[in-house]
4 protein chains.
Amino acid sequence: MSEQKNQVAETIAEGAEPKRRRGHLRVAAILEAASALFAAQGYDAVTMTEVAARSRTAIGSLYRFFPTKDALADALLGRFKERVDEELAALAREARTLPLEAFADSFVDHALAWAPDRAAALVLIEARSVAGAQRGQLRAALRNRLAEAVAAINPKLSAQEADARAGLLQLIFKMAAANAGEGEAALREIRALARLYLKERVAGG
Amino acid sequence: MSEQKNQVAETIAEGAEPKRRRGHLRVAAILEAASALFAAQGYDAVTMTEVAARSRTAIGSLYRFFPTKDALADALLGRFKERVDEELAALAREARTLPLEAFADSFVDHALAWAPDRAAALVLIEARSVAGAQRGQLRAALRNRLAEAVAAINPKLSAQEADARAGLLQLIFKMAAANAGEGEAALREIRALARLYLKERVAGG
Amino acid sequence: MSEQKNQVAETIAEGAEPKRRRGHLRVAAILEAASALFAAQGYDAVTMTEVAARSRTAIGSLYRFFPTKDALADALLGRFKERVDEELAALAREARTLPLEAFADSFVDHALAWAPDRAAALVLIEARSVAGAQRGQLRAALRNRLAEAVAAINPKLSAQEADARAGLLQLIFKMAAANAGEGEAALREIRALARLYLKERVAGG
Amino acid sequence: MSEQKNQVAETIAEGAEPKRRRGHLRVAAILEAASALFAAQGYDAVTMTEVAARSRTAIGSLYRFFPTKDALADALLGRFKERVDEELAALAREARTLPLEAFADSFVDHALAWAPDRAAALVLIEARSVAGAQRGQLRAALRNRLAEAVAAINPKLSAQEADARAGLLQLIFKMAAANAGEGEAALREIRALARLYLKERVAGG
DNA sequence: CATGAATGAGTATTCATTCAT
DNA sequence: TATGAATGAATACTCATTCAT
């Protein structure tokens, strides 16, 4: 209705930061509910009303903190990105210290550790054309970390080669996460694949 | 294979079987439009009105052929399934005749060949929780064909082992299709991965 | 959701032109209802639901023809502008043929003739900042016609003088319309004022 | 005049009479903010949150002083009415002392003097169907004062005649205020009109 | 049979107002 | 008392689907 609104409050209409304990709890509950719902039904299919109901929040309160469905998604993605970043930093560290096979296993384990949040994140990334920026950032961050790891394992690879390998590792990472719930046999194969690829194409067989 | 064709025909027939050429053209135009739109925007975001407009069909007529948005999606998936099945039957045949490396390459090539339609199909499969049935069928069909191929390559594997390997091949198949447009380097890695996995885990090292 | 929409249908999302008799009737009913409601309650206070109810139209149908509350207002203003234009063209003609006093009376009569629609139009013009364009056009059209009339009555006036006189006549016109329902005495005063001003300041006393 | 002041105070007091300086400042800030916002955007478009933000008041505090949006508007109108009354009382006095032409000019000057506050007041009066009471009061007060002036100028007029003349003067008053910013030429015409009308129809030509 | 009109439940979002700390 | 959080009815608008011509 006017561009002046929110001048005083928040600059980009990011929704109010909670300033009381109660607000923080609310926000957490909302994010939890949203994550589960998005993961289960996809971005479009989830209604704000549903999110409100599941987090036992009045619709108006939901909108106080997340003034838009998109804002809610962005917050979720932001949170996800942070976690990813931490995990991957750890992984890159391990690449320097662990023997190859142990690293391969850890690699898969890290991928599995995500799985829950990942579902929601993936859905959000795919569904919202808007999220182009966020999406790119996430991908790039992930890839760079993996390239670091690759370089640590095999310093002889050129930057380009390392990047290509990182790309494939990224895919394996995704596969692992996507198949987290598919049973022992499936997992075993993925672990095998990870070792195989790391040994032959990364460490340089 | 012929049962499936009938199945597709029946799906469409939920509306009205187009007996004249005109009807066939309409249906084709509609499916084409729908495929493009779904691929570009996702299932939820596409409106029946849009599909009607893009295929230059009156909304009423669209509903004569596809009495439901879901029916439209099902028809599309059916068509897709047919194609997939043919491709994979060919692949299973090649598993028996081609040397392993050549087969690995062909495997990746087949995956790449899909990419275009795959976009729409994937979207539909992911988006519609309803589509459980179709989705399962597709997966299962794909997996069975791959298990056939695995068995052909290494008859010593138990049925369970073969299935687990097929599952992983399926993932590689998806990865290849998903990365169709990512450039030469990425492709080379995928080909390498396919060979590696087929040699070590399927052919049995 | 996409800019391509309506490509086939209407270019600016002006809503569907009715193509059947039924549609024309609908549109007319809607405009009638909207006009009355806007006049009575102001732009903001009127709900689309109200308009739909009063015109016995389903909300969806209302939106078929007027895809926006603003579009509805614009249509109303457009219609109003047309009428105004006709009235004023007639008035300009009379300025050339009628004696001054008769013209003065006719001037007031024309103003009164509007009154009903005017209420709605005025409200719309004032309330919607967006309508800047429309508003300007309306004002300018009105003023030009009046300047024509002034020039016809007293050709000796410079263009600037004529325009200033037209501006005042415009105000009197508005006053007359605004006071349409205020009783005989009020009317008499306005008629007197119109004569007075026309004789002294326009005809040149 | 003093009853009216009380009235205003009471209106505010529906909330809580601010007894300390701090409260007075708050209230003043709020009224200022509200006036500006209403004038710029119209009654409906302004949110209480906006008013709170612009006056740097917490929403809860705003509601302590003005328990309703309507109460806020009423307070504003009350303040406006006071000022109007003073102006007009002065005008009525001048009617007795000034020669006709000077009075005519003063009349227009008074109208122009309002223009700023008038914007908000007008908006409030037009927008709130509820405000019937206030609106009527304002109009009546204005009219009575003008009738006084008319009677002072021409004591021969009957009460009815005086009232009718006052009505027209009221319109001219409005016109003048509304056109405050339209330039010299426009102003000159209005002054001319005021003199004309006062001489011919009020003083009795 | 083709077409455009009709329908109405459902969606994101806003905002006046009340409560709890 | 001042402040931020909570509330939910109301609003503009969408879209799958059905009907009438």
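Chain A is the first sequence line, chain B the second, and so forth, proteins listed ahead of strands; every chain is numbered from 1.
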Practice problem: Indicate yes or no: at least one non-hydrogen side-chain atom of C/F80 is less than 4.5 angstrom from one of C/L122. | Solution: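 C/F80 does not reach C/L122 side chain to side chain.
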Self-check item: Side chain to side chain, C/Y63 and C/T57, heavy atoms closer than 4.5 Å
Solution: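 C/Y63 does not reach C/T57 side chain to side chain.
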Tell me the interatomic distance from [X], atom [atom1], to [N], atom [atom2], rounded to whole angstroms.
X	N	atom1	atom2	result
C/E50	F/dA10	CD	C1'	12 Å
D/R64	E/dC19	CZ	C1'	12 Å
B/Y43	F/dC15	OH	P	13 Å
B/I59	E/dC1	CD1	P	19 Å
C/L25	F/dA20	CG	P	17 Å
C/R21	F/dT21	CZ	P	11 Å
D/L62	F/dT1	CG	C1'	15 Å
B/D70	F/dT17	CG	P	8 Å

Practice problem: Indicate the atoms forming the closest heavy-atom contact of D/V46 with D/K69, along with that distance. | Solution: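 Here D/V46 and D/K69 meet closest at O-NZ, 2.7 Å.
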Quiz item: Do you know which two heavy atoms are closest between C/L72 and C/A34, and how far apart they sit?
Solution: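 Distance-wise, the nearest heavy atoms are CD2-CB, 3.9 Å.
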Quiz item: More 5' along DNA chain E: D/G60 or A/K69, using each one's nearest nucleotide?
Solution: A/K69
Quiz item: Start at the 5' end of DNA chain E and walk down; is the nucleotide closest to B/A58 or to C/A58 reached first?
Solution: B/A58
Quiz item: In what stems does DNA chain E take part, counting only runs of at least 3 consecutive Watson-Crick or G-U pairs whose two distances fall under 3.5 Å?
Solution: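 Stems for DNA chain E, defined as runs of 3 or more consecutive pairs: E:2-21 with F:2-21.
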Quiz item: With sugar-phosphate meaning primed atoms plus P, OP1 and OP2, does C/V51 contact a base, only sugar-phosphate, or nothing at under 4.0 Å between heavy atoms?
Solution: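 No contact.
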Exercise. Just call it for C/F65: base, sugar-phosphate, or nothing, with non-hydrogen atoms closer than 4.0 Å on any strand.
Key: sugar-phosphate
Quiz item: Could a donor-acceptor pair under 3.5 angstrom be found where the side chain of C/R20 meets the base of E/dT3?
Solution: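 Present.
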Practice problem: I would like to know whether B/L31 and B/F66 meet side-chain contact (heavy atoms from CB on, under 4.5 Å); could you show each step before the answer? | Solution: CA-CA 10 Å; B/L31 288 175; B/F66 302 97; 4.0 Å; yes
Quiz item: Which residue, A/R56 or C/M48, contacts DNA chain F at a nucleotide closer to its 5' end, judged by nearest heavy atom?
Solution: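 It is A/R56, whose closest nucleotide lies nearer the 5' terminus.
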Verify the contact: side-chain N or O of [X] to OP1 or OP2 of [N], cut-off strictly under 4.0 Å; return yes or no.
X	N	value
A/R26	F/dT7	yes
C/Y63	F/dT14	no
C/R22	F/dT21	no
D/S61	F/dT3	yes
C/T47	F/dT11	no

Practice problem: Inspect the contact between C/E32 and C/R79 and indicate whether a charged nitrogen and a carboxylate oxygen are less than 4.0 angstrom apart. | Solution: yes
Quiz item: Are the side chain of C/R26 and the backbone of C/R56 linked by a donor-acceptor contact shorter than 3.5 Å?
Solution: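 Between the backbone of C/R56 and the side chain of C/R26 there is a qualifying donor-acceptor contact (under 3.5 Å).
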Quiz item: Is a side-chain N or O of B/T47 found less than 3.5 angstrom from the main chain of B/E50, in a donor-acceptor match?
Solution: yes
